[in-house]
Amino acid sequence: MELRELTLVTIITERLLRDEIIDRLKETGVSGYTLSDATGEGSRGIRASDWEGKNVKIEVIVNHSTAEKIIQQISDEYFENYAVVAYTQAVRVVRGEKYMS
Amino acid sequence: MELRELTLVTIITERLLRDEIIDRLKETGVSGYTLSDATGEGSRGIRASDWEGKNVKIEVIVNHSTAEKIIQQISDEYFENYAVVAYTQAVRVVRGEKYMS
Amino acid sequence: MELRELTLVTIITERLLRDEIIDRLKETGVSGYTLSDATGEGSRGIRASDWEGKNVKIEVIVNHSTAEKIIQQISDEYFENYAVVAYTQAVRVVRGEKYMS
Amino acid sequence: MESLISNFASPVVLAFTLGIAAKLLKSDLEIPKPLYQGLSIYLLLAIGLKGGVELSKTSLNAFIGPAFITLLLGVLTPLIAYAILRYLGRMDMINSSAIAAHYGSVSAVTFIAAISYVESLGYSPEGFMPTLVALLEVPGIIVALIIPQLSNSGNGSFKKALHEVVTGSSIILLLGGLIIGFVAGPVKFESVQPFFVSGFQGALVLFLLELGMVTARRLSDLKKVGVFLLGFGILVPILHGVLAIWLGLMVGLSVAGATVLAAMVSSGSYIAAPAAVRIALPKANPSYYLTASLGITFPFNITIGIPIYYLIATWMGV
Amino acid sequence: MESLISNFASPVVLAFTLGIAAKLLKSDLEIPKPLYQGLSIYLLLAIGLKGGVELSKTSLNAFIGPAFITLLLGVLTPLIAYAILRYLGRMDMINSSAIAAHYGSVSAVTFIAAISYVESLGYSPEGFMPTLVALLEVPGIIVALIIPQLSNSGNGSFKKALHEVVTGSSIILLLGGLIIGFVAGPVKFESVQPFFVSGFQGALVLFLLELGMVTARRLSDLKKVGVFLLGFGILVPILHGVLAIWLGLMVGLSVAGATVLAAMVSSGSYIAAPAAVRIALPKANPSYYLTASLGITFPFNITIGIPIYYLIATWMGV
Amino acid sequence: MESLISNFASPVVLAFTLGIAAKLLKSDLEIPKPLYQGLSIYLLLAIGLKGGVELSKTSLNAFIGPAFITLLLGVLTPLIAYAILRYLGRMDMINSSAIAAHYGSVSAVTFIAAISYVESLGYSPEGFMPTLVALLEVPGIIVALIIPQLSNSGNGSFKKALHEVVTGSSIILLLGGLIIGFVAGPVKFESVQPFFVSGFQGALVLFLLELGMVTARRLSDLKKVGVFLLGFGILVPILHGVLAIWLGLMVGLSVAGATVLAAMVSSGSYIAAPAAVRIALPKANPSYYLTASLGITFPFNITIGIPIYYLIATWMGV
Ligand SMILES: Nc1ncnc2c1ncn2[C@@H]1O[C@H](COP(=O)(O)O)[C@@H](O)[C@H]1O
Ligand SMILES: Nc1ncnc2c1ncn2[C@@H]1O[C@H](COP(=O)(O)O)[C@@H](O)[C@H]1O
Ligand SMILES: Nc1ncnc2c1ncn2[C@@H]1O[C@H](COP(=O)(O)O)[C@@H](O)[C@H]1O
Ligand code: NA
Ligand code: NA
Ligand code: NA
């Protein structure tokens, strides 16, 4: 089984931004994404989603250059005003060619 | 505190396969596993679990060779017909000897 | 966009310890943390939280030395008596300076 | 005509429409998954309980005829559906039997909607109808899944699928509820009556709100599945419904009972069947079977279908 | 005085206090998020349904006056709030309009508490009051969010915020419920009555238990926001309430109706408004607007405010 | 004998059996965790509320005797349990006090089942029984956890455990409900009656369905814990039950009241106690204490135990 080295981008953000960020990701051409619920605290203290009490964790497996693009976009659009944490990790993916969008 | 380098295998798949894959993992002799709920979109579009609306994320920490075995098995049995994403990462685990099954 | 190399510490443990471990993390001076629900099986078989049926996954991004401190503390205080799994991974974080507590 | 409009103005059908509208308007309304699952559990258990209590008051004689034709229809309808799909629609064997499995089974919500509908017209259908739902749930799925088995082209696990259907939550709750209701009887049932009977219609409103949203997500698939499946999803239920009315009246069901039986028989499961098909026939395309049963037949039945079955039953019942 | 104590002893207000106490005692009590969301959905839909049924019995004539002043108050109150915050409180434009948006909107729970309160005193307010909630929910938020738009300093997306408000779950459920109730009418509504009407007050108890816990978490922010906002959160609602009573009585509302209108108008939304503000004015500080509407005005209204509005309405209504 | 069969045929006990059956059949039925937590919150609050309302009608005189013996039993029963485990069962100190803590506390569901049982026989037990549950919940756990403290071998945090017990959700909801019910009184309680009283038995059915599934998972541990603990889990409850009946009748409880008290005293907590034990005695083996209280004593009590206590109470009460 060949594993392909790709990048896992994880974005933790306010529930409010979920649909918008997913739309952005789709525009970038990702082949898929995974969502899960999370809560947490960060530097911003309370915020609107404090009422909903939820963050959302978006995980997306992409090749290196798409990862860069996503990170760039997230930084530009959301970092100033919203609670967003984003990081990347190297992962070795089965059937990795699926994600080479 | 010595940390031991091990492999974290992450499998994201349809809720329907959960119990079966866990049984497989146990047969392979993993020392434990962690489950969490997730949703997502991938290359397959809708599927039966679309009704349940849920994927499941299975995470299991194992040594390198067991990771290979798991990946091989998952590929052989599920990749053709089911929505499955699987990837591995290197992790440094506390009390790593527990997971050297 | 410069990404900074940091450490992601993941702790999977009984729901019961959640608030206590978070308090410990805050004392160590982490800039934030992320919580999500999980279930699982490990070496301990059933335990009190079996009733609640839930583990909790705590993820925290810190610099290398804080990660060491957290791991050390968790090991000293909880490993003997409680169900705890802890591991670290290298991650590349956007706006990493935020997490250099 | 009036009976049709009356159905459209019921809170339950209106809630379904609201759900569709909410999704089309891209509202962020979401029924939390656990609430939705909780409502399913409640509704299925409540149907079972009520059925069991009624069954404990029914004579075996009145029940045996309807039970027999229900099983018969459970075997016939998937075969009819399969034949139409395979030979008229020229679909491959796998997808034909996957869809047939759905139409062999029964949609509990369609059943409930039919019961509510005839009750709103002042009828009270036979008390053992929920028992028939339980009888109808399993055989149709099995019959349809056996077909590819015969030519050895299932590629999934038939045995696992069988276990899934028989021990699936819908059967456990329906049958379990039936047994509990039957053993407890009317007197001991009284204490749980307010929860399981009085609250029922209201809970159904919330459930259909969600179902409307699920259906709306399916609507965009309508184009993909093509006009044949659209026709199939409307005409085959009518065919099955007429068959059910004819057989139902023959074994002595009331007009209301025959209407409800028609709704059951014509409906396609979207809980038990998809899970079983996914296991037994993983190569079948969910776009086909989910869109047909949930995107076409379900909305058709609960809006227009049920009043039509009622009209036909009245007409044939004379 | 008696009417005040009577309000404190209602199960609903006591449950709110229990929620606060539980958090202060650092209890591990937690209302699961899906349960809480489920309760919100239930309560909003129930208000809408009841309102729709009542509306179907109301003449347009009786409704037009109150509808007009509700819209008027929806435009006036955010402007008043803005002026006070900006010129008396010397707050910056962004935060002033963020807070004003909240006070232009309406808190559904405060509305429900007011209804329950006057009903417990033996009154029955006008049946179309829930319709007024739906009318009041949207314009106030929009008016307040337009202000920074004019000077081009919003920095967020006004259009997206507008969509969020109009298709937000509270509006969909309120308006959707209204339409369903109106179309179904009293007779067809009967079947869902036990679920949506009889169960209402009890569900509200659970909801306020959670709201008490949420409020308690907000209390620690009280120090941060300062004494001006504390005064604002109590005095402005009274001001808006008196305005609402005056206009309400003028267009022919009963004392009970005017009391409920006052509670609505004086209250600040903490569901629709925060989401809209977060989108349109991301730079506004949530500590200010959430603490004011949820930490100050909400507890003030449901404990002391509503009885005060009632006393004023009785006094002005003579 | 008849009263025993009658208990088995109650919907609540049947639902428990259905839950066990579902798990043994490896059904995929699952009660979503938030629903289950919501039901717990609802049931505990409802017990408290009803108890509070009843208490507001009770004279202090009638209450003081039962309250005293409840506290007495809260201290005695964990000591008895400890002595039997340590000296008859030769268990180590940690596990003995861990188990004793469970039997010193009370299982709310067993309490509810006992109330339902005697009510189904036509009795109405004293209104302050829920107050006694709240009194019994805490002291027994504390007494048992003090034992290892004395010889300094607890290894966990006694203080944290104490806080956990006193501010745990069960106590907050029970006591909070009691106070709300007491302050609100019968008249103001009426509005929430349909939700908290009429719906109660039905909600209990769903709850016991889940409890049956949890118990079934425990059954496989029965072998591990050995025959001594099996005997302990049945005989000690009977012993405690008889003690409770004897003292209960002595201070003037009715036969029904004594039966309910016996069920309470004999039962072992599986919500408050496990959490406290986990904190105070982390080295204790959960297989022992959970299997004993949840896998043995709980099913014994709700099926056979309660009717036995009733028979003994009738017999001793002559
Ligand atoms: N150091 C951290 N480690 C892990 N998660 C974090 C960290 N800081 C923030 N987060 C997560 O990111 C969300 C937004 O963070 P912030 O923008 O700092 O308020 C928080 O609610 C946490 O869930
Ligand atoms: N590129 C991706 N990144 C992250 N998760 C993915 C990706 N593609 C698929 N997934 C997840 O894997 C599930 C199955 O994917 P698929 O088999 O492609 O339909 C999806 O529902 C997603 O949760
Ligand atoms: N090998 C493993 N891989 C992934 N998660 C594990 C593993 N072992 C244990 N866990 C998780 O850690 C929790 C506690 O483990 P333990 O202390 O071994 O009982 C389990 O419930 C699992 O969620
Ligand atoms: Na069918
Ligand atoms: Na307002
Ligand atoms: Na006890």
Side-chain angles (χ1 to χ4, degrees), chain B residues 1-13 15-40 52-64 66-67 70 87-101, chain C residues 5-15 21 24 28 34-47 49-50 52-62 64-92:
Chain B
M1 196 71 249
E2 23 48 291
L3 297 175
R4 192 186 285 257
E5 179 107 1
L6 289 166
T7 303
L8 171 67
V9 182
T10 304
I11 303 162
I12 301 168
T13 188
R15 168 71 182 74
L16 195 72
L17 297 183
R18 188 188 65 183
D19 296 342
E20 209 177 308
I21 291 189
I22 288 173
D23 286 348
R24 284 281 176 291
L25 291 175
K26 285 183 182 170
E27 283 163 28
T28 324
V30 305
S31 68
Y33 60 89
T34 297
L35 297 178
S36 42
D37 286 336
T39 54
E52 300 179 5
K54 285 262 181 243
N55 287 335
V56 66
K57 188 199 258 188
I58 307 173
E59 288 170 306
V60 46
I61 300 170
V62 286
N63 59 33
H64 189 70
T66 311
I70 292 172
Y87 54 85
T88 67
Q89 283 164 284
V91 289
R92 296 163 49 76
V93 185
V94 195
R95 282 197 310 184
E97 56 290 356
K98 260 181 67 176
Y99 310 95
M100 305 297 294
S101 58
Chain C
E5 179 108 0
L6 288 166
T7 303
L8 171 66
V9 182
T10 304
I11 303 163
I12 301 168
T13 188
E14 317 180 22
R15 167 70 183 73
I21 291 188
R24 285 280 175 293
T28 323
T34 297
L35 296 179
S36 43
D37 285 336
T39 54
E41 274 186 73
S43 54
R44 296 197 168 249
I46 63 162
R47 56 173 180 272
S49 71
D50 179 82
E52 299 177 6
K54 284 265 182 243
N55 287 334
V56 66
K57 188 200 257 188
I58 306 172
E59 288 170 305
V60 47
I61 300 170
V62 286
H64 190 69
S65 70
T66 312
E68 300 257 289
K69 251 192 282 172
I70 291 172
I71 289 291
Q72 190 63 49
Q73 211 176 26
I74 298 287
S75 310
D76 292 353
E77 292 187 36
Y78 302 108
F79 267 9
E80 196 186 341
N81 293 318
Y82 295 99
V84 187
V85 165
Y87 53 85
T88 68
Q89 283 165 283
V91 288
R92 296 164 47 78

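Chain A is the first sequence line, chain B the second, and so forth, proteins listed ahead of strands; every chain is numbered from 1.
Residues B:Arg95 and C:Val84 approach most closely at NH2-O, 3.5 Å, considering heavy atoms. Listed here is the closest heavy atom pair of B:Val94 and C:Ser75: CG1-OG, 3.4 Å.
In this structure, OH on C:Tyr87 lies 4.5 Å from CG on B:Leu8, to the nearest 0.5 angstrom. For the atom pair C:Thr10 OG1 and B:Ile61 CD1, the distance stands at 8.5 Å (nearest 0.5 Å). A distance of 9.5 Å separates CZ of B:Arg92 from CD1 of C:Ile71, quoted to the nearest 0.5 Å.
Heavy atoms of B:Ile58 lying under 4.5 Å from chain C are absent altogether. Proximity to chain B is absent for every atom of C:Ser36, based on heavy atoms less than 4.5 angstrom apart.
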